[in-house]
Amino acid sequence: MANDTSISLTSPLMATYGRFPITLVKGKGSYVWDDQGNQLLDFTSGIATCNLGHVPDVVKEKLEEQLQNLWHCSNLYHIPNQEQLASLLTANTCGDQVFFCNSGAEANEAAIKLARRYSQKIKGTDSFEVVTFKQSFHGRTLATLSATGQEKIQQGFLPLVQGFSYLPFNDMDALDQILTLKPAAVLLELVQGEGGVIPAEPEWVEKLAQICEQNDILLMVDEIQTGMGRTGTLFAYEQYSIEPDVISIAKGLGSGFPIGAIIAKEKAANAFEPGSHGSTFGGNPLATAAGVATVSHIVESNLLKQVKEISAYLDTQLQNLKENFPQIKEIRGKGLLKGLVVDGNAPQIVQKALANQLLLLTAGPDVVRILPPLTASKEEINKFKATMEIVFQSM
Ligand SMILES: Cc1ncc(COP(=O)(O)O)c(C=O)c1O
């Protein structure tokens, strides 16, 4: 989703991002402000991270309180916020135990390590293969880009970490190949985010889960983008008849404060023991303070009900746009993770939206990705729609 790729040779920053030509200095709710004082409607939520909107008071207060007391201590000591957040996560999922880290890639890295260790230590086999899916995205570390089913992410980083096989997504027949791969685990997104906002078909997911259960293959779901209420339930797996063995999460967990985690069922979690995995910053007092405030708010308020209502409203508005603008071929996604499939000019649409003070994302050349905060109002959806009308009329 590059825009300004001409990063100056004198820049002290490595050119890993194609950045838009604006500088954001402030955020509140659904809005951000740039350094020129312009107000922009943010329907990217920092790529599904600021799910409670920018600088939510509930998280800010908890962070301010924690800032007065203790910022960091190592995982050699008990950290109350960490234990509270783990309890909140296990009470609200099918998982039993949690490991904390700092990002999505690290969460998937932990899931992959857990799968290998489960297979070797608990199952007593030396199978280490993890089956993932084409168009998937699981992160940028060497292991997680190897898990990712997109060559463009892997380019230039060969040799890949061994032990990954990629099957076509949503393909019933391809599931027959799983057993021949003798995998330790399967890792999938329930809505492929970066790969084009493609939801997994329920029958396909249920058959996959059945194969995993019958053959003691760990079912691992990457809920880094779909989690924390984004699709209308705390986690997207709740909308399928499955109980994953491992759930990887990050992004919205800290409302913008960096944190990641895996939540695992006891049988899988038991594969880790003291010394098998760790992180200096993982689950530190500040990050887990943000996590406790975020998760408590989502489960204790009526936010998830609100997401269902506001996403239904967004669906209606998107449908109306599609009827009026033939450039829109399809609307995909779940809850407040939506993709507009367009005629190969998604980056241009995102540029034009930016010129009209609306932040959007792409998910490949054909898909405009829309990620409003879960707290978005009808008025903000109306504003988004009015801006999209201006954008499509101009094309
Ligand atoms: C589904 C999924 N998995 C993993 C990641 C990697 O997360 P992070 O950028 O925090 O490492 C992302 C990031 O976009 C993601 O969408």
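Heavy-atom basis, side chains included; hydrogens, waters and symmetry copies ignored.
When each of Asp96, Ile122, Asp245 is paired with Lys267, the side chain to side chain contact (heavy atoms under 4.5 Å, CB included) condition holds for Asp245 and for no other. Test Thr132, Thr144, Thr148, Asp222 against His138 for side-chain hydrogen bond (donor to acceptor under 3.5 Å, both in side chains) and you get one pass: Asp222. Checked against Leu208 for a side chain to side chain contact (heavy atoms under 4.5 Å, CB included), the options Leu167, Leu175, Ile242 give a single hit: Leu175.
For the residue pair Tyr166 and Gly149, the shortest heavy atom distance occurs at CD2-CA, 3.9 Å. For the pair Gly227 and Asn51, the tightest heavy-atom approach, listed with the atom from each and the gap, is O-ND2, 3.7 Å. The heavy-atom pair separating Leu88 from Ser296 by the smallest distance is CD1-OG, 3.6 Å. Shown here for Val246 and Ala111, the closest heavy-atom pair between the two residues is CG1-CB, 4.0 Å. Across every non-hydrogen atom of Gly229 and Val307, the tightest pair is O-CG1, 3.8 Å. Across Ala184 and Ala115, no two heavy atoms sit closer than the pair CB-O, 3.8 Å.
Panel note: side chain Lys251, backbone Ile47; a donor-acceptor pair is recorded below 3.5 Å. Asp216 contributes no side-chain N or O that, together with a main-chain N or O of Cys212, makes up a donor-acceptor pair within less than 3.5 Å. At least one donor-acceptor pair closer than 3.5 Å links the side chain of Gln66 to the backbone N or O of Leu70. For Arg332 (side chain) and Gly196 (main-chain N/O), a donor-acceptor pair under 3.5 Å exists by modelled atom type. Using a distance-only test at 3.5 Å, with no hydrogens or angles considered, no donor-acceptor pair links the side chain of Asn69 to the main chain of Pro285. At distances below 3.5 Å, not a single donor-acceptor pair connects side-chain atoms of Ser45 with backbone N or O atoms of Ala48. Between the side chain of Glu189 and the main chain of Ser136, no donor-acceptor pair closer than 3.5 Å is present. Asn320 places no side-chain N or O within 3.5 Å of a backbone atom of Thr316 that could act as its donor or acceptor partner. Although no hydrogens or angles enter the test, the distance criterion places no donor-acceptor pair under 3.5 Å between the side chain of Thr233 and the main chain of Glu238.
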(request) Could you walk me through whether Ser377 and Glu379 pass the side-chain contact (heavy atoms from CB on, under 4.5 Å) test, one step at a time? (result) CA-CA 5 Å; Ser377 65; Glu379 291 69 39; 3.5 Å; yes
(request) Show your reasoning for whether side-chain contact (heavy atoms from CB on, under 4.5 Å) applies to Gln177 and Thr180. (result) CA-CA 5 Å; Gln177 291 172 46; Thr180 63; 4.3 Å; yes
(request) Using the side-chain contact (heavy atoms from CB on, under 4.5 Å) rule, take Asp343 and Asp366 through it: C-alpha gap first, then chi angles, then the decisive distance, then the call. (result) CA-CA 6 Å; Asp343 273 340; Asp366 298 329; over 6 Å; no
(request) Walk me through it: do Thr23 and Asp34 pass the test side chain to side chain donor-acceptor pair (under 3.5 Å)? (result) CA-CA 5 Å; Thr23 303; Asp34 70 11; over 6 Å; no
(request) Report the C-alpha separation of Thr226 and Thr231 in whole Å, then their side-chain angles, then the decisive distance to 0.1 Å, and conclude whether the side chain to side chain donor-acceptor pair (under 3.5 Å) test is met. (result) CA-CA 6 Å; Thr226 52; Thr231 67; over 6 Å; no
(message) Under the criterion salt bridge (Lys or Arg N to Asp or Glu O under 4.0 Å), I'd like the reasoning laid out for Arg230 against Glu223: C-alpha separation, chi angles, the key distance, then a yes or no.
(response) CA-CA 10 Å; Arg230 175 59 51 194; Glu223 294 247 19; over 6 Å; no
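Here Leu114 contributes atom CG and Leu218 contributes atom CG; the two are 6.5 Å apart, rounded to the nearest 0.5 Å. In this structure, Glu330 CD and Lys322 NZ are separated by 8.0 Å, a value rounded to the nearest 0.5 Å. Once rounded to the nearest 0.5 Å, the distance linking CD of Gln150 with CD of Gln192 reads 8.0 Å.
The aromatic ring centres of Tyr31 and His54 sit 6.0 Å or more apart. Aromatic ring centres of Phe281 and Trp71: separated by at least 6.0 Å.
Checking Gln82 against Asn75 by side-chain atom types alone, a donor-acceptor pair falls below 3.5 Å. Remark: the Gln154 side chain and the Ser146 side chain contain no N/O donor-acceptor pair separated by less than 3.5 Å. In this structure, a donor-acceptor pair under 3.5 Å is present between the side chains of Arg369 and Gln225. Counted by atom type alone, Thr125 and Ser119 present one or more donor-acceptor pairs between their side chains at under 3.5 Å.
Looking only at side-chain heavy atoms (C-beta outward), Arg117 and Ser276 come within less than 4.5 Å of each other. Using a 4.5 Å heavy-atom cutoff, the side chains of Val292 and Lys62 are in contact. Contact check for Met220 versus Ser248: no side-chain heavy atoms found under the 4.5 Å cut-off. In this structure, Asn170 and Ile198 have side chains that are in contact, with non-hydrogen atoms separated by less than 4.5 Å. Two residues are said to be in side-chain contact when any heavy atoms from C-beta on lie closer than 4.5 Å; Glu61 and Glu65 fail this criterion. Side-chain contact between Ile328 and Phe392: present, with at least one pair of heavy atoms (C-beta onward) separated by less than 4.5 Å. At a threshold of 4.5 Å between non-hydrogen side-chain atoms, the residues Lys338 and Ile331 count as touching. A 4.5 Å side-chain heavy-atom check between Cys94 and Pro244 finds at least one atom pair inside the cut-off.
Electrostatic pairing of Glu109 and Lys113 does not count as a salt bridge here, judged by no charged N lying under 4.0 Å from a carboxylate O. Using a 4.0 Å cut-off between charged nitrogen and carboxylate oxygen, Lys26 and Asp35 do not count as a salt-bridge pair. Ion pairing of Asp42 with Lys28 is absent here, as no side-chain N (NZ or NE/NH1/NH2) approaches a carboxylate O to less than 4.0 Å. Ion pairing between a basic and an acidic side chain is recognised when a charged N comes within 4.0 Å of a carboxylate O; Asp126 and Lys182 show no such pairing. Taking a cutoff of 4.0 Å between a charged side-chain nitrogen and a carboxylate oxygen, Lys134 and Asp171 do not qualify as a salt bridge. Using a cutoff of 4.0 Å between basic side-chain nitrogens and carboxylate oxygens, Glu203 and Lys207 are not scored as salt-bridged.
Linking ILVMFWY residues whenever their side-chain heavy atoms come closer than 4.5 Å, directly or via other members, places Tyr237 and Val131 in the same cluster. In the hydrophobic clustering of this structure, Leu219 does not group with Phe164; members are Ile, Leu, Val, Met, Phe, Trp, Tyr whose side-chain heavy atoms approach within less than 4.5 Å, directly or through other members. Linking Ile, Leu, Val, Met, Phe, Trp and Tyr whenever their side-chain heavy atoms come within less than 4.5 Å puts Leu253 and Val221 in one cluster. A chain of hydrophobic side-chain contacts below 4.5 Å, direct or via other Ile, Leu, Val, Met, Phe, Trp or Tyr residues, connects Ile247 to Ile217. Linking Ile, Leu, Val, Met, Phe, Trp and Tyr whenever their side-chain heavy atoms come within less than 4.5 Å leaves Leu41 and Val25 in two separate clusters.
Within 6.0 Å of the CD atom in Glu266, the count of heavy atoms belonging to other residues, nucleotides or ligands does not exceed 12. Residue Glu151 qualifies as open at atom CD: its count of foreign heavy atoms under 6.0 Å is 12 or below. Around the CD atom of Glu273, the shell of radius 6.0 Å holds more than 12 heavy atoms that belong to other residues, nucleotides or ligands. Heavy atoms of other residues, nucleotides or ligands lying less than 6.0 angstrom from NZ of Lys378 number 12 at most. Other residues, nucleotides and ligands place more than 12 heavy atoms under 6.0 Å from the CD atom of Glu389.
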